[in-house]
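In what follows, a single structure is set out as structure tokens and then discussed.
Every number for a ligand or one of its atoms is a count from 1 in the order of the listing. Owing to the predicted nature of the structure, the values given are computational and were not obtained by experimental measurement.
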Amino acid sequence: MLITRKAEFSASHVCSNAELSPEENERLYGLESRPNGHGHNYVLEVTVRGDVNPVHGMVLDLKELKEVIRENVLDIYDHRFLNREVPPFDKVVPTAENIAGDIWQRLDEPIGRLGSKLHSVRLHESDDLFVEVCEPHAK
Ligand code: NI
């Protein structure tokens, strides 16, 4: 059984790589590369896999899942300038792909401690773009 909890956070970022020329960054990332940054209202979907507990009829305690997401993602990401305030994005380009990968790393172990298994992390950067990290592709 899969169960998904949604959460939202707002954050700013700049997508550029210091190893590339300004022209190359502009070509790759377009407006995303402007140095003063810009914000997104990210929508996060965390999907957890497990069996339904026969006693309480749930895969896991949803209050605990909400708390794990708050503590390990929202408290760290919300209203932050990712490149300046949230490692590893001082060194890693904060694309939706890299943010979703980082969120997977932050959630995998705490969700395991709840007795469940993280199945996927889906991150919507805008209405028409989302990325999804699934177990086989995560580190
Ligand atoms: Ni952006």
Side-chain angles (χ1 to χ4, degrees):
M1 184 81 72
L2 302 176
I3 186 161
T4 301
R5 193 175 257 295
K6 242 172 151 172
E8 297 183 15
F9 61 90
S10 302
S12 304
H13 71 169
V14 177
C15 286
S16 67
N17 186 327
E19 291 175 17
L20 300 174
S21 68
E23 295 75 23
E24 188 69 0
N25 276 309
E26 170 78 27
R27 190 190 66 76
L28 269 175
Y29 303 112
L31 297 176
E32 294 282 321
S33 70
R34 291 195 173 173
N36 288 334
H38 59 273
H40 293 281
N41 296 316
Y42 291 94
V43 177
L44 174 66
E45 295 177 44
V46 177
T47 300
V48 166
R49 189 177 69 231
D51 295 325
V52 178
N53 181 299
V55 176
H56 55 61
M58 299 189 290
V59 170
L60 80 168
D61 186 327
L62 293 170
K63 293 187 299 300
E64 288 181 354
L65 177 59
K66 186 176 186 176
E67 186 57 20
V68 159
I69 295 170
R70 189 190 60 73
E71 204 177 293
N72 294 282
V73 181
L74 306 186
D75 284 358
I76 293 161
Y77 275 78
D78 197 27
H79 289 81
R80 301 288 181 184
F81 196 130
L82 300 181
N83 308 65
R84 295 175 192 165
E85 298 180 273
V86 184
F89 301 114
D90 51 338
K91 298 190 177 73
V92 173
V93 186
T95 56
E97 293 90 324
N98 285 337
I99 295 170
D102 182 64
I103 290 173
W104 176 285
Q105 298 298 328
R106 292 176 186 275
L107 288 177
D108 190 28
E109 206 181 286
I111 286 175
R113 283 200 295 271
L114 298 181
S116 296
K117 188 91 187 98
L118 181 56
H119 178 78
S120 65
V121 166
R122 188 181 273 193
L123 183 71
H124 300 254
E125 192 178 79
S126 56
D127 288 341
D128 58 1
L129 178 78
F130 68 85
V131 299
E132 186 167 11
V133 189
C134 300
E135 190 176 12
H137 307 293
K139 279 176 216 154

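The shortest side-chain heavy-atom distance between Tyr77 and Asp102 falls under the 4.5 Å cut-off.
For Glu125, every N, O or S atom stays at 2.8 Å or more from the Ni ion (ligand 1). Among the atoms of Cys15, no N, O or S atom is found under 2.8 Å from the Ni ion (ligand 1).
Residues Arg113 and Glu109 are paired through a salt bridge, judged by an N-O separation under 4.0 Å between the basic side chain and the carboxylate.
Restricting Glu32 to its N/O/S atoms, the shortest distance to the Ni ion (ligand 1) is reached by OE1.
At the Ni ion (ligand 1), the angle from NE2 in His38 to NE2 in His13 is 100° when rounded to 10°.
With rounding to the nearest 0.5 angstrom, the CD1 atom of Ile111 is 8.5 Å from the CH2 atom of Trp104.
The 12-atom threshold is not exceeded at CZ of Arg34, counting heavy atoms of other residues, nucleotides or ligands nearer than 6.0 Å.
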